[in-house]
Amino acid sequence: MKSTPKAPEPGPDLSKAYEAKLVEKKWYQTWMKNGYFKASSKSKKKPYTIVIPPPNITGILHMGHALNDTIQDILTRFKRMQGFEALWLPGTDHAGIATQNVVERSLREENLTRHTLGREKFLERVWKWREKYGNTIIRQLQRLGASCDWDRTRFTMDEGLSRAVREVFVRLYDKGLIYRGNYIINWCPRCQTALSDEEVHHKDITGHLYYMKYAIEGSDEYVTIATTRPETMLGDTAVGFNPKDERFQHLKGKTAILPLLNRKLRIIEDEDIDPKFGSGALKITPAHDPVDFLLGKKYKLDSINILNPDASLNENAGPYKGMDRFEARKKILAELEDRRILLETKEHVHAVGHCYRCSTVIEPYLSLQWFVRMKPLAEKAIQVVKEGKTTFVPARWNKVYLDWMTNIRDWCVSRQIWWGHRIPVWYCEPCRAKNPSEGLIVAVEEPKKCPKCGNAELVQDPDVLDTWFSSWIWPFSTLGWPEITAYLKYFYPTDTLVTGYEIIFFWVARMIMSGLEFMGKEPFKTVYIHGIVRDDTGAKMSKSLGNAVDPIQIIDEYGADALRFALISITAEGQDVYCSKEKFEFGRNFANKLWNASRFIAMNRKPRLLKKVPTTAQLSSADRWILSRLHQTIEKVTACLEKHRFNEAAGVIYDFFWHELCDWYLEIVKGHIDSPGVQWVLHEAHDKTLKLLHPFMPFITEEIWQSIPHTGETIMRAPWPKAEKKRIDTKIDAQMQLVIGEIQAIRNVRSAWQINPKDSVKVVVKAGRDKELKVLQNYSTIIAQMAKVSSLQMGKNLSRPKESAVASIGRVETYVVLTGLVDVKVERQRIEIALTDVDKMIKNLQGRLENQEFLKKAPKDIVDKERLKAEELANRRQRLQDNLKALTD
RNA sequence: GGGCAAUUAGCUCAGUUGGUUAGAGCGCUUCCUUGACAUGGAAGAGGUCACAGGUUCGAGUCCUGUAUUGCCCACCA
């Protein structure tokens with residue numbers, strides 16, 4: 001802190017330090033107030049649409065959301081600036097099981113359960129909960145800077161979407177694509193509902209394989225079977241073996257006796273039974289195992305359900321009735337052991353299904369459920385991806401999608417919970433009593449009476465639909481479907497879907513199917529799949545693990561822009577992100593740099609000089625160089641964004657702004673910053689960089705942009721910069737590269753000899769060729785200024801001054817005069833190191849140039865380049881040796 | 001059992017059509033508080049690109065295999 005500033009702070013618009021909180025609040029309110037986020041279907045522009053992956057109403061913003069939504073915001077803001085009518089449609093998901101669990105947990109604190117409350121009262125509580133907490137994540141998204149059209153916010157249980165859900169159910173039912181039936185499904189005993197296959201998370205568990213003997217009726221023989229879940233034996237109705245298995249031929253047609261319960265079991269033969277597994281013989285439990293279920297159907301076996309919905313054993317379990325499944329397992333094993341029926345116990349690793357919501361071990365469970373027939377829906381969905389109408393980025397996910405789609409199985413959509421879309425099916429009991437296949441009414445609106453018999457006492461199916469049954473129609477239900485609104489017509493199909501790979505099957509694949517089925521068109525063109533955000537040890541971030549870096553905390557401390565920029569920068573295409581708090585310092589530092597450079601530019605701005613575009617002649621080489629770099633940057637950033645290479649785009653801007661504009665251009669022009677050329681160029685580069693950066697860092701760029709001369713109300717709607725080919729000058733780029741190299745060479749010597757940065761040095765430059773000499777002469781002022789040189793002599797044939805150190809780059813030799821400082825030993829060492837380097841390179845290069853094959857087969861420009869290099873290196877080597885010799889003399 | 005990713009500097013990671021002396025950020029060393037910025041500036045050290053083969057004039061990049069790690073899918077009880 002300076003105690004007595006000589007002059008009042010210029011550039012009054014930008015405060016000394018960037019205050020993220022105030023700025024973010026101010027601009028977000030302004031943007032909202034002015035309706036900048038809104039998209040209209042009446043626009044003449046081309047539409048660009050993204051629908052948000054609706055976060056659960058139970059959710060709070062975590063880093064995964066922050067990444068997901070930052071990407072969407074970047075795309076939306078980019079396209080908006082490019083002149084599209086950009087719609088980012090927000091909303092939330094009612095999250096059936098998750099929300100019900102949360103509310104039930106809060107009921108428990110009041111010693112209530114949903115059952116004591118009753119369905120209606122319970123649902124009231126859930127709605128109340130959602131009013132209170134359901135919008136938390138929306139507010140958090142706003143703090144992130146999300147430019148969603150909030151007036152269009154939808155909720156999967158709002159009226160329109162609920163109507164769309166029923167419509168979809170009815171249409172699929174009428175087409176024969178929805179059916180009800182008794183099948184083995186995945187049952188969560190804790191949530192007490194069926195789950196789809198996708199909702200079961202398989203974990204490898206080291207369990208046991210128990211070998212036990214079942215007696216054969218009318219003999220003293222027995223058959224050995226192996227199982228991992230011995231308690232299911234209580235539901236056994238058969239024993240099976242492979243017909244080719246020699247070991248069991250004598251059992252053909254016989255009957256086995258189930259231990260403990262003494263039930264008679266048929267012995268069947270089936271090709272699908274693997275003789276190599278366990279003992280080769282299989283116990284068959286049709287009600288509690290998917291394979292056994294199929295065998296049961298095939299051989300018309302009885303199914304005996306031994307479990308209650310909470311996975312305790314029911315009356316069919318005889319003496320074990322009322323016991324928990326795992327307790328029963330222990331008890332049964334003990335008894336089997338006592339009776340010497342248990343022969344052997346082996347360790348066995350197998351995949352055990354767990355509930356994706358509560359991690360409880362799933363039970364395969366026979367029950368009456370509703371299913372969607374998926375094969376017919378999958379056909380077209382396979383086609384559009386094969387034809388490239390919808391593409392995954394990165395492309396490897398195309399294959400994952402197609403594999404799953406090709407092996408798709410029917411989707412169990414009924415859930416035995418209360419929070420969700422009630423299945424639009426009503427039953428007429430009198431009709432059903434007459435004929436069980438009748439008396440079922442499937443309708444969008446609740447029917448008043450049975451159309452068959454006129455009975456008005458209809459009973460609605462108690463189940464609700466899978467949460468994903470409302471999200472799979474999200475891309476069009478949110479746009480007004482089943483009404484064919486102008487809005488729907490204009491914005492559908494959407495353009496980009498941004499999501500993580502964990503919900504490709506749950507959500508993305510199903511949306512493609514439903515979009516094709518109900519809209520006749522794929523719902524999006526590109527599916528951008530990003531990685532999962534993990535903590536720095538690689539574990540998935542979660543609140544329960546306590547390893548989560550809270551994005552809101554980062555926003556509070558470093559600002560939303562810092563969070564966004566850092567997050568995007570460390571996320572390579574489709575790779576998982578390892579995240580720690582320190583990584584966000586990167587974003588904060590960049591925001592700080594941007595802010596301070598902007599202050600510096602503001603302090604030195606002469607607004608009257610900005611009006612006229614200078615002619616090329618009015619621009620210095622440095623001016624033309626930074627313009628050239630600017631336009632290359634514009635070109636690259638635009639291309640990267642089109643290709644979804646967000647981290648690369650961020651990196652390109654970062655490098656340009658920090659390392660070219662600030663480190664070089666600003667330092668070069670500091671002495672003559674009032675010149676018209678510099679003023680214009682500086683403003684141009686600053687303005688365009690802010691625009692390029694806006695999708696990444698919306699707040700700080702708006703704040704700065706508003707303080708500089710500009711036209712238009714907001715940077716949000718300023719036109720995206722266009723790369724002008726005529727400004728790109730690769731000759732100038734090469735010249736500057738040489739100059740920068742020369743400056744760095746001098747600085748290197750200065751640093752090696754510990755010359756005080758305040759002191760000037762004398763330098764003699766020997767450039768052997770006109771080409772380099774001319775360039776260096778043209779830029780001599782810059783070189784002198786940047787390397788702090790008081791006297792700079794340049795020529796073709798200058799000799800080394802006494803007491804000087806040498807630096808070589810290319811064909812240029814630079815002598816820095818070090819009167820009284822030169823230590824011959826040290827300088828010799830420096831040269832020797834340089835010599836070793838050069839020798840290594842020469843050796844490497846010679847190998848190539850002596851290779852006839854290389855000379856024959858490599859492209860000419862490559863060979864020429866290598867020759868030139870070799871020549872240069874040889875030259876340098878010679879000069880280094882000369883210098884070394886001079887030192888020794 | 002099938003598939004996919006990853007393996008590059010002390011750490012975290014970039015490196016898309018094979019072709020300069022393989023890059024960045026953090027950390028480290030030395031110097032610098034000069035009126036934009038110490039959340040900064042200058043200079044520097046640090047890598048046989050997991051391993052073994054192969055294709056090629058040329059491989060971090062392509063192919064095959066191996067190892068290690070992680071993830072996804074799969075009804076072997």
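Each chain gets a letter, A, B and so on, in the order its sequence line appears, and its residues count up from 1. Side chains included, hydrogens not; waters and symmetry mates left out as well; all remaining heavy atoms used. Computed from a predicted structure; not experimentally measured.
- Considering only side-chain N and O atoms, A/K593 lies under 4.0 angstrom from the phosphate OP1 or OP2 of B/G41.
- Among the atoms of the strands shown, only primed sugar atoms or phosphate atoms (P, OP1, OP2) are found under 4.0 Å from some heavy atom of A/D663.
- Residues A/R811 and A/E871 are paired through a salt bridge, judged by an N-O separation under 4.0 Å between the basic side chain and the carboxylate.
- In this entry B/C37 has no Watson-Crick or G-U wobble partner, no candidate having both defining distances under 3.5 Å.
- When distances are taken from the side chain of A/K399 to each of B/G3, B/A5, B/G40, the shortest belongs to B/G3.
- The pair A/R877-A/D839 counts as a salt bridge, with a side-chain nitrogen and a carboxylate oxygen less than 4.0 angstrom apart.
- Taking atom CD of A/E271 as the reference point, atom C1' of B/C76 lies 16 Å away to the nearest angstrom.
- In this structure, A/P859 reaches the bases: a heavy-atom distance under 4.0 Å links it to at least one base atom across the strands shown.
- The pairing partner recorded for B/U68 is B/A6, the criterion being a Watson-Crick or G-U wobble arrangement whose two distances lie under 3.5 angstrom.
- Of the side-chain N and O atoms in A/K869, one or more sit less than 4.0 angstrom from OP1 or OP2 of B/U21.
- Within 4.0 Å of A/N748, counting heavy atoms only, lie sugar-phosphate atoms of the nucleic acid but no base atom.
- Straight-line distance between the P atoms of B/G10 and B/A50: roughly 13 Å, to the nearest whole Å.
- Here the separation of B/A5 from B/C62, taken at their P atoms, is 11 Å to the nearest Å.
- The nucleotide whose nearest atom lies closest to any side-chain atom of A/N647 is, among B/C37, B/C57, B/A14, B/A14.
- No engagement by A/L209 is indicated, since no non-hydrogen atom pair under 4.0 Å with the nucleic acid exists.
- Under a 4.0 Å N-O distance rule, the pair A/E557/A/K581 qualifies as a salt bridge.
- Rounded to whole Å, atom P of B/G44 lies 14 Å from atom CZ of A/R750.
- Summarising the base pairing, B/A42 is matched to B/U30 through a Watson-Crick or G-U wobble pair whose two defining distances lie under 3.5 Å.
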### ring-ring contact (aromatic ring centres under 6.0 Å, His included) between A/H348 and A/F277, intermediate numbers included
CA-CA 12 Å; A/H348 180 62; A/F277 188 88; 5.7 Å; yes
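- In this structure, B/G19 forms a base pair with B/C57, meeting either the Watson-Crick or the G-U wobble geometry with both donor-acceptor distances under 3.5 Å.
- As judged by a 4.0 angstrom heavy-atom cut-off over every strand, A/W658 is placed among residues touching the sugar-phosphate backbone only.
- Side-chain proximity of A/F600 to B/A36, B/A14, B/G3: nearest is B/A36.
- Out of B/A77, B/G25, B/C31, the shortest distance to the side chain of A/Y654 is found at B/G25.
- Atom CD1 of A/I284 is separated from atom P of B/C76 by 17 Å (rounded to the nearest Å).
- Backbone-only contact: A/R747 has heavy atoms under 4.0 Å from sugar-phosphate atoms and none from a base.
- Which of B/A5, B/A77, B/C71 sits closest to the side chain of A/Y501 comes down to B/C71.
- The pairing partner recorded for B/A24 is B/U12, the criterion being a Watson-Crick or G-U wobble arrangement whose two distances lie under 3.5 angstrom.
- Residue contacts shown for A/E667 include a base, since a base heavy atom lies under 4.0 Å away.
- When distances run from any side-chain atom of A/P757 to the nucleotides B/C31, B/C37, B/A74, the shortest one goes to B/C31.
- Nearest to the side-chain atoms of A/A572 among the listed nucleotides B/C72, B/A74, B/A14 stands B/A14.
- Within 4.0 Å (heavy atoms only), A/F586 reaches sugar-phosphate atoms of the nucleic acid but no base atom.
- The nearest whole Å value for the distance from the CZ atom in A/F590 to the P atom in B/C26 is 13 Å.
- In this structure, A/N596 atom CG and B/U33 atom P are separated by 19 Å, rounded to whole Å.
- Among the heavy atoms of the strands, none lies under 4.0 Å from A/E866.
- Taking only side-chain nitrogens and oxygens, A/H348 comes nearer than 4.0 Å to OP1 or OP2 of B/A77.
- In this pair, A/Y365 and A/W187 present their aromatic rings tilted. The plane angle is within the 30 to 60° band.
- Note on A/A351: a base of the nucleic acid sits closer than 4.0 angstrom, heavy atoms only.
- No contact: A/Y558 has no heavy atom under 4.0 Å from any strand.
- Spacing between B/A24 and B/C63 at atom C1', rounded to whole Å, works out to 30 Å.
- For B/G25, the OP1/OP2 oxygens have a side-chain nitrogen or oxygen of A/H659 closer than 4.0 Å.
- Closest to the A/H202 side chain, of the nucleotides B/A74, B/A14, B/U39, is B/A74.
- Comparing A/K283 and A/R588 by the nucleotide of RNA chain B whose heavy atom lies nearest to each, the residue mapping closer to the 5' end is A/R588.
- Across all strands, A/K758 comes closer than 4.0 Å only to sugar-phosphate atoms, never to a base (heavy-atom distances).
- Of the C1' atoms belonging to B/C28 and B/G53, the separation is 38 Å, rounded to the nearest Å.
- Using cut-offs of 30° and 60° for the angle between ring planes, the A/F590 and A/Y654 rings count as tilted.
- With both ends at atom P, the span from B/C49 to B/A59 equals 12 Å, rounded to whole Å.
- The distance between atom CZ of A/R599 and atom C1' of B/U39, rounded to the nearest whole Å, is 13 Å.
- Among the atoms of the strands shown, none is found under 4.0 Å from any heavy atom of A/F293.
- Rounded to whole Å, atom P of B/C75 lies 10 Å from atom CG of A/N407.
- Across all strands shown, B/G47 has no partner, as no Watson-Crick or G-U wobble contact with both distances under 3.5 Å is found.
- Counting only heavy atoms from C-beta on, A/A858 has its side chain closest to B/C57 among B/U30, B/C57, B/A36.
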### Message
Working note: A/K583 + A/S569, criterion side chain to side chain donor-acceptor pair (under 3.5 Å); need CA distance, chi angles, decisive distance, verdict.
### Response
CA-CA 10 Å; A/K583 290 197 170 158; A/S569 297; over 6 Å; no
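- Using a 4.0 Å cut-off, no side-chain N or O of A/K276 falls inside it from OP1 or OP2 of B/A77.
- Contact check, A/R396 against B/C72: no side-chain N or O comes under 4.0 Å of OP1 or OP2.
- Looking at A/Y558 and A/L563, their side chains never come closer than 4.5 Å, going by heavy atoms from C-beta outward.
- Closest contact between the side chain of A/Q744 and the listed nucleotides B/A43, B/C76, B/C31 involves B/A43.
- Look at A/N589 and you'll find a side-chain N or O under 4.0 angstrom from OP1 or OP2 of B/G40.
- Atom pair A/L402:CG and B/G3:C1' shows a separation of 14 Å (rounding to whole Å applied).
- Looking at A/K869 and A/E872, no side-chain N of the basic residue comes within less than 4.0 Å of a carboxylate O on the acidic one, giving no salt bridge.
- Counting heavy-atom neighbours within 6.0 Å of A/K636 NZ, excluding the residue itself, gives a total of 12 or less.
- Between A/K857 and A/D655, it is A/D655 whose nearest contact on RNA chain B lies nearer the 5' terminus.
- Using a 4.0 Å heavy-atom cutoff across all strands shown, A/Q754 reaches sugar-phosphate atoms only and no base atom.
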